[in-house]
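Below is one structure, written out as structure tokens, with a few remarks after it.
Since we're looking at a predicted model, the values are computed, not measured. In what follows, every heavy atom counts, from backbone to side chain, and hydrogens, waters and symmetry copies are set aside.
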Amino acid sequence: MKKTMKAASLLLVLMLVTAMLAACNSSAGGSGSVSVGIVLPTKDEPRWVQDEQRFKDALKDSEYTTEILFSQGSSAKEKENVDTLINKGIDVLIITPQDGDAAAAAVEAAKKEGITVIAYDRLITNTEAVDYYVTFDSVAVGAAQGQYLIDNAQGTGVPLYLYVGAASDNNAFLFFEGAWSVLQPKIADGTFKIANSSEAEALKDTAELTRDQMSKILGQVTTNWDPNDAKNKAQTHLTAVGADLKGDVSVLAPNDGTARAIADVFASDGEVTSFLVTGQDAEKASIQYVIDGKQSMTVFKDVRTLVTDAMGIAVDILDGKTPVTTGSYDNGKKEVQAKQTNVIVVDEDNVQKELIDSDYYEASEFTGL
Ligand code: BGC
């Protein structure tokens with residue numbers, strides 16, 4: 001009899017613990033098995049593989065369940081990924097849209113299910129269905145690229161080649177806006193001479209460009225974030241210009257993948273004596289290019305911070321707290337609450353300090369440091 005009592009109370013305790021655990025789980029994980037869904041644009045660019053790795057590192061010891069899916073450059077696949085995650089019962093969606101406008105449908109479907117949507121690095125545009133935005137200071141990225149060219153180019157009438165990201169990515173506009181804010185006065189005063197965009201040339205006296213004006217320039221010099229497109233454009237441009245637009249030149253390249261492709265084309269042109277070329281993302285291959293003097297600079301965006309910020313907001317939501325934000329971005333439909341992170345310019349002078357000494361990369365991953 002005693003024994004049965006003991007067994008019964010043990011069973012009761014067990015049942016209570018199980019119930020408590022289940023309650024904990026549901027506050028952490030909602031009704032399904034995954035609490036946070038993460039959708040990244042493509043595995044084809046090291047930038048986003050890096051983000052995946054940093055998410056995995058950050059989530060190693062997390063009590064929350066997460067799943068990361070890639071959209072492989074397709075908005076249709078992205079929608080499919082979001083639907084998959086909705087079906088797994090996520091409470092929070094962290095998403096880098098392939099195309100800012102096209103992603104609206106996917107996040108609107110998530111919103112309908114009461115899911116909190118966090119835009120990660122790229123803003124989702126023209127929809128109410130985005131709650132938070134974690135981002136680097138993208139205008140500052142472009143300004144840093146432009147300023148690097150200004151600080152390092154010599155003389156006047158320096159041929160300036162402009163390249164930008166994909167027009168479907170809101171960041172491409174922010175990067176260009178930042179670059180133009182510093183370069184435009186130096187184009188207007190004759191320090192630089194635009195070599196590859198008649199639209200930019202026509203607007204050289206306009207300090208602040210409208211989105212439409214920027215679209216015209218982007219339409220001429222976009223790389224679509226694709227190194228092959230970048231390479232083809234650079235080849236076409238160098239074939240089209242005369243010797244007066246060669247010699248010592250400056251190149252605004254929007255990110256590392258396109259920068260390396262463009263740099264290779266400029267390096268193989270016998271009439272280009274020297275060139276400065278910008279980048280961003282601190283991709284390993286570009287860090288090696290910077291060490292080797294083949295790419296002038298990159299803008300280091302510490303992905304660890306972005307991951308921490310995104311997961312911080314997600315966990316606050318799961319815990320029923322209100323996330324802290326530092327500003328907001330207009331997405332065309334609403335002011336999206338945002339958390340923004342600063343960026344660091346890296347060239348051969350500080351590559352060791354910023355990327356190796358800071359433990360972002362290991363010295364053994366490079367040669368010639
Ligand atoms: C990101 C960059 C990246 C580019 C291409 C941008 O939205 O901010 O870091 O290089 O997309 O993927």
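- Judged purely by atom type and a 3.5 angstrom limit, Lys334 uses its side chain to pair as donor or acceptor with the backbone of Val130.
- Counting all heavy atoms, side chain and backbone alike, Ala261 lies closest to Pro227 at CB-O, 3.3 Å.
- Donor-acceptor pairing under 3.5 Å is lacking for the side chains of Asn331 and Tyr133.
- Among residues at least two apart or in separate chains, side chain to side chain donor-acceptor pair (under 3.5 Å) pairs with a member in residues 103-115 are Glu108-Thr127, Lys111-Asp131.
- Residue Phe173 is found in a hydrophobic cluster whose other members, listed by chain and number, are Leu149, Ile150, Val158, Leu160, Leu162, Val164, Phe176, Trp180, Val182, Leu183, Ile187, Phe192, Ile194, Leu203, Leu209, Met214, Ile217, Leu218, Val221, Leu252, Leu276; membership requires side-chain heavy atoms under 4.5 Å apart, directly or through intermediates.
- No option in Thr326, Thr305, Asp309 other than Asp309 meets the side chain to side chain donor-acceptor pair (under 3.5 Å) test with Lys339.
- Counting only distance, with no hydrogens or angles, the side chain of Asp137 and the backbone of Ala140 share a donor-acceptor pair below 3.5 Å.
- For the pair Thr96 and Val39, the minimum side-chain heavy-atom distance is 4.5 Å or more.
- Residues Val92 and Leu318 are in side-chain contact: their nearest non-hydrogen atoms beyond the backbone lie under 4.5 Å apart.
- One distance of note links CG of Leu306 with OH of Tyr120; it measures 4.0 Å at 0.5 Å rounding.
- Between Asp83 and Ala109, the shortest heavy-atom distance links the atoms OD1-CB, 4.4 Å.
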Is there a side-chain hydrogen bond (donor to acceptor under 3.5 Å, both in side chains) between Asp99 and Ser75? Walk through the geometry before answering. CA-CA 7 Å; Asp99 174 313; Ser75 294; 5.0 Å; no
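- Side-chain contact of Ser198 with Gln220: a donor-acceptor pair under 3.5 Å is present, judged by distance alone.
- Residues Gln340 and Tyr329 have side chains that bring a donor and an acceptor to within less than 3.5 angstrom of each other.
- A donor-acceptor pair is defined here as one N or O able to donate and one able to accept, closer than 3.5 Å; no such pair exists between the side chain of Asp281 and the backbone of Thr298.
- In terms of the ring pair (Phe, Tyr, Trp, His ring centres under 6.0 Å) criterion, residue partners of Phe300 (sequence neighbours excluded) are, by chain and number, Tyr360.
- A distance-only check finds a donor-acceptor pair linking the side chain of Asn350 to the backbone of Val345 [under 3.5 Å].
- Closest approach of Ser197 and Ala200 over heavy atoms only: OG-N, 3.0 Å.
- The backbone N or O of Val265 sits less than 3.5 Å from a side-chain atom of Ser268, completing a donor-acceptor pair.
- Asp347 is linked by a side-chain hydrogen bond (donor to acceptor under 3.5 Å, both in side chains) to Tyr148, counting only residues two or more places apart in sequence or in another chain.
- Residues Ile124 and Ile95 have side chains in contact (heavy-atom distance under 4.5 Å, counting atoms from C-beta outward).
- Look at Glu67 and Lys88 and you find a salt bridge, because one of the NZ, NE, NH1 or NH2 atoms lies within 4.0 Å of a carboxylate O, short of that distance.
- For the pair Ser71 and Glu80, the minimum side-chain heavy-atom distance is 4.5 Å or more.
- Within the 4.5 Å cutoff, side-chain heavy atoms of Ile68 are placed close to those of Phe55.
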Return all side-chain donor-acceptor pairs below 3.5 angstrom for residues 286-293, not counting sequence neighbours, or 'none' if the list is empty.
unit_1 : atom_1 : unit_2 : atom_2 : d
Ser286 : OG     : Arg260 : NH1    : 2.9
Ser286 : OG     : Gln295 : OE1    : 2.7
Gln288 : OE1    : Thr367 : N      : 3.0
Gln288 : NE2    : Asp292 : OD1    : 3.1
Gln288 : NE2    : Asp292 : OD2    : 3.4
Gln288 : NE2    : Thr367 : O      : 2.9
Gln288 : NE2    : Thr367 : OG1    : 3.2
Tyr289 : OH     : Asp264 : OD1    : 2.7
Tyr289 : OH     : Asp264 : OD2    : 3.1

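- Side-chain atoms of Lys246 come within 3.5 Å of backbone atoms of Leu238 as a donor-acceptor pair (strictly under, hydrogens ignored).
- Taking CD1 from Ile94 and OH from Tyr132, the interatomic distance works out to 12.5 Å, rounded to the nearest 0.5 Å.
- Put simply, OG1 on Thr116 and CG on Asp316 are 11.0 Å apart, with the number rounded to the nearest 0.5 Å.
- Taking the side chain as every heavy atom from C-beta outward, Thr341 and Asp302 never approach each other to under 4.5 Å.
- Gln72 and Lys43 form no side-chain donor-acceptor contact under 3.5 Å, judged by distance and modelled atom types alone.
- Closest approach of Gln145 to Pro254, counting heavy atoms only: NE2-O, 3.1 Å.
- Between the side chain of Gln352 and the backbone N or O of Asp357 there is no donor-acceptor pair closer than 3.5 Å.
- Aromatic pair Tyr161/Phe275: ring centres not closer than 6.0 Å.
- His237 NE2 to Lys233 NZ: the interatomic distance, rounded to the nearest 0.5 Å, is 6.5 Å.
- Within 6.0 Å of NZ in Lys301 there are more than 12 heavy atoms belonging to other residues, nucleotides or ligands.
- Proximity of Met297 to Val277: side-chain heavy atoms (C-beta onward) are nowhere separated by under 4.5 Å.
- Looking at every heavy atom in both residues, Val82 comes nearest to Ala106 through CG1-O, 3.5 Å.
- Using a distance-only test at 3.5 Å, with no hydrogens or angles considered, a donor-acceptor pair links the side chain of Thr125 to the main chain of Asp101.
- A donor-acceptor pair shorter than 3.5 Å can be found between the side chains of Thr191 and Asp189.
- Under the 4.0 Å criterion applied to side-chain N and carboxylate O atoms, Arg304 and Asp57 are not assigned as salt-bridge partners.
- The side-chain contact (heavy atoms from CB on, under 4.5 Å) test with Leu93 is passed by exactly one of Ile115, Val36, Asn81: Ile115.
- Side-chain N/O atoms of Gln280 and Asp256 include no donor and acceptor closer than 3.5 Å.
- The main-chain N or O of Val351 is never found under 3.5 Å from a side-chain atom of Glu354 such that the two would form a donor-acceptor pair.
- By the neighbour-count criterion of 12 heavy atoms within 6.0 Å, atom NZ of Lys216 is sparsely surrounded, having that number or fewer from other residues, nucleotides or ligands.
- Under a cut-off of 6.0 angstrom, the local environment of NZ in Lys79 is crowded, with over 12 non-hydrogen atoms contributed by other residues, nucleotides or ligands.
- Rounding to the nearest 0.5 Å gives a distance of 7.5 Å between CD1 of Ile313 and OG1 of Thr325.
- Residues meeting the side chain to side chain contact (heavy atoms under 4.5 Å, CB included) test with Glu45, sequence neighbours left out: Thr42, Trp48, Trp225, Asn255.
- Heavy atoms of other residues, nucleotides or ligands lying less than 6.0 angstrom from CD of Glu348 number 12 at most.
- Between the side chains of Asn224 and Asp229, at least one donor N or O sits under 3.5 Å from an acceptor N or O.
- With values rounded to the nearest 0.5 angstrom, Phe175 atom CZ is found 4.0 Å from Ser138 atom OG.
- Across all their heavy atoms, Gln98 and Ser168 have their closest contact at O-OG, 4.0 Å.
- By the 30° and 60° cut-offs, the orientation of the rings of Tyr163 relative to Phe266 is perpendicular.
- For the pair Glu78 and Pro97, the minimum side-chain heavy-atom distance is below 4.5 Å.
- Distance alone, capped at 3.5 Å, places no donor-acceptor pair between the Lys284 side chain and the Glu365 backbone.
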